[in-house]
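Below is one structure, written out as structure tokens; the observations come after it.
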Amino acid sequence: DKAGHKHFMAKEIAEQPTVIGEALSHYVHDAGIDLPQTLDFAALDRIVMVACGTAFYACLTAKYWFEQLAGLPVEVDIASEFRYREPPIGPNTLAVFVSQSGETADTLAALRYCAEKAQIAAVTNVETSSIARESDVNLPIHAGAEIGVASTKAFTCQLTVLVLMALKAAHARGRIDDATLAARLAELRNLPGRLNLALGQAPQIAAAARAVAEAEDVLFLGRGQMYPLAMEGALKLKEISYIHAEGYASGELKHGPIALIDQTVPVIVMAPHDHLFDKTVSNMQEVMARGGQVLLITDSEGAKTASDGTWRTLVMPDCPALFEPILYALPAQLLAYHAAIAKGTDVDQPRNLAKSVTVE
Ligand code: M6R
């Protein structure tokens with residue numbers, strides 16, 4: 001049931017404020033985060049995170065959170081690489097497997113490789129799935145069934161559960177006190193409201209997407225915790241609109257991809273006004289100096305200081321920095337969705353793709 005939407009993907013994008021609220025209500029109580037007692041973050045030396053596709057980008061985002069908030073070293077890998085690499089897994093390692101379906105063959109194989117070597121945590125959307133069942137600790141994301149092949153609400157619910165894990169780890173390791181944790185949780189409770197405001201920007205995003213749909217190649221740029229989201233935005237666009245897109249760290253631009261820039265290549269810059277903003281803006285200016293068309297996705301402060309000379313600027317609601325990757329996932333999804341609509345592709349069943357990849 002598409003609940004009045006044209007596609008499951010549109011419905012699933014629109015559901016995000018609600019399902020993220022749901023996920024929060026399962027894990028957040030009063031001023032604390034309820035996670036299974038057996039997850040002892042204070043005793044950990046390191047975290048290894050393994051996934052495929054969009055779930056991999058959720059892990060890459062979480063690396064920034066675990067490292068910055070909890071001071072925990074994190075290694076993130078694609079399951080198909082990890083499983084054959086024979087990576088050493090020391091004691092005091094938590095191995096986290098993120099998978100919407102819980103059935104992705106490579107992710108399951110990577111989990112089995114880690115079994116008996118490390119504590120295994122699963123972050124999945126299907127509580128009866130193989131990955132959930134074979135883990136020591138199962139953390140459901142509570143996104144509800146996701147039908148569209150392009151993962152949307154599962155991604156933001158994965159991020160929500162992962163940021164809660166990172167906050168819990170920071171608290172358990174004495175890096176944040178009770179008051180700081182309570183303040184972050186209060187901000188998280190406001191996140192669904194901010195996501196609704198972002199959804200309200202859909203008409204402007206759709207207009208930009210129609211222009212992007214005319215391009216053959218698109219670059220997405222981001223820095224810091226927005227870098228994985230740049231890659232996720234590119235994946236979403238190529239999956240459903242079949243437009244070639246790449247996500248890069250802004251700072252990598254001059255190490256190669258800037259050679260691609262001309263007036264036919266839209267460059268989508270995901271940059272809220274954070275501590276790295278000025279650096280991203282100078283990368284953006286390098287693009288504009290070469291005739292590149294910049295679509296800047298930022299907040300009110302960012303738009304005030306940096307929209308001069310951009311092709312378009314989309315203004316997202318203001319948001320505490322920590323949660324911006326969740327908020328900025330929405331314009332990335334909507335851009336891909338509306339570009340696909342403009343191209344007339346099969347949004348929910350893109351060619352050559354399956355919802356669940358249960359073979360290698
Ligand atoms: O079910 P999983 O989360 O393990 O699936 C992983 C990938 O196959 C999946 O995220 C894929 O990249 C999506 N089509 C992305 O939209």
Side-chain angles (χ1 to χ4, degrees), residues 7-13 15-16 19 23 49-62 76-83 95-112 114 120-135 138-162 220 228-243 245-247 325 329-330 332-337 339-340 345-360:
H7 300 97
F8 282 109
M9 185 181 178
K11 168 179 174 264
E12 289 159 3
I13 290 172
E15 275 173 352
Q16 290 176 106
V19 292
M49 307 185 77
V50 183
C52 301
T54 287
F56 170 68
Y57 297 133
C59 294
L60 279 182
T61 311
V76 184
D77 211 345
I78 297 165
S80 57
E81 286 300 314
F82 181 90
R83 63 179 289 195
V96 181
F97 299 86
V98 181
S99 172
Q100 188 285 131
S101 62
E103 300 295 349
T104 299
D106 283 321
T107 310
L108 182 59
L111 181 155
R112 288 178 177 156
C114 290
I120 312 281
V123 177
T124 77
N125 198 25
V126 183
E127 289 185 59
T128 52
S129 63
S130 306
I131 290 173
R133 279 187 284 111
E134 295 190 28
S135 61
N138 180 30
L139 303 173
I141 61 169
H142 300 289
E146 189 181 67
I147 311 290
V149 164
S151 186
T152 53
K153 63 176 180 170
F155 177 65
T156 49
C157 286
Q158 285 162 356
L159 290 177
T160 302
V161 171
L162 292 170
F220 285 76
L229 192 57
M231 292 189 279
E232 166 60 6
L235 176 66
K236 214 90 299 170
L237 188 67
K238 56 186 135 181
E239 273 191 298
I240 59 167
S241 74
Y242 315 145
I243 297 169
E246 298 297 335
L330 273 55
Q333 297 163 353
L334 286 166
L335 261 179
Y337 177 73
T345 54
D346 187 344
V347 172
D348 284 333
Q349 289 288 336
R351 67 187 182 198
N352 308 341
L353 294 175
K355 180 64 185 163
S356 180
V357 184
T358 54
V359 291
E360 202 179 327

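All values reported here derive from a predicted model rather than from experimental measurement. We count ligands from 1, going down the list as the structure has it; atoms in each ligand are counted the same way.
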Inset, instruction - Find all atoms of ligand 1 within a distance of less than 4.0 Å from any non-hydrogen atom belonging to Gln100, and give their numbers and elements. - result: 1 (O), 2 (P), 3 (O), 4 (O)
Legend entry - Glu103 and Ser130: side chain donor to acceptor below 3.5 Å: yes
Legend entry - Contacts of type side-chain contact (heavy atoms from CB on, under 4.5 Å), residue Ala340, not counting sequence neighbours: Ile240, Ser241, Thr345, Val347
Inset, instruction - Please confirm whether Val98 comes within less than 3.5 Å of ligand 1 when only nitrogen or oxygen atoms on both sides are compared. - result: no
Inset, instruction - Would you mind telling me if ligand 1 is within reach of the side chain of Glu239, the backbone, both or neither, using heavy atoms under 4.0 Å? - result: side chain
Inset, instruction - Check if Lys236 has a non-hydrogen atom at a distance under 4.0 Å from any atom of ligand 1. - result: yes
Legend entry - Selected option - heavy-atom contact closest to atom 9 (C) of ligand 1, from Thr54, Ile141, Val149: Thr54
Inset, instruction - Provide the closest heavy-atom pair for Pro350 versus Tyr242 in the form atom of the first, atom of the second, distance. - result: CA-OH, 3.5 Å
Inset, instruction - Say whether Gln333 and Glu232, considering side chains only, have a donor N or O and an acceptor N or O under 3.5 Å apart. - result: no
Inset, instruction - Tell me yes or no: between the side chains of Lys236 and Thr152, is some donor less than 3.5 Å from an acceptor? - result: no
Legend entry - Atoms of ligand 1 close to Ser99 [distance to a heavy atom under 4.0 angstrom, numbered from 1]: 1 (O), 2 (P), 3 (O), 4 (O)
Legend entry - Closest to atom 2 (P) of ligand 1 (judged by heavy-atom distance), picking from Val357, Thr358, Thr104, Asp106: Thr104
Inset, instruction - Locate the shortest heavy-atom distance separating Ile13 from Gln16; write the atom from each residue and the value. - result: O-NE2, 3.0 Å
Legend entry - ligand 1 contact by Cys52, heavy-atom criterion under 4.0 angstrom: yes
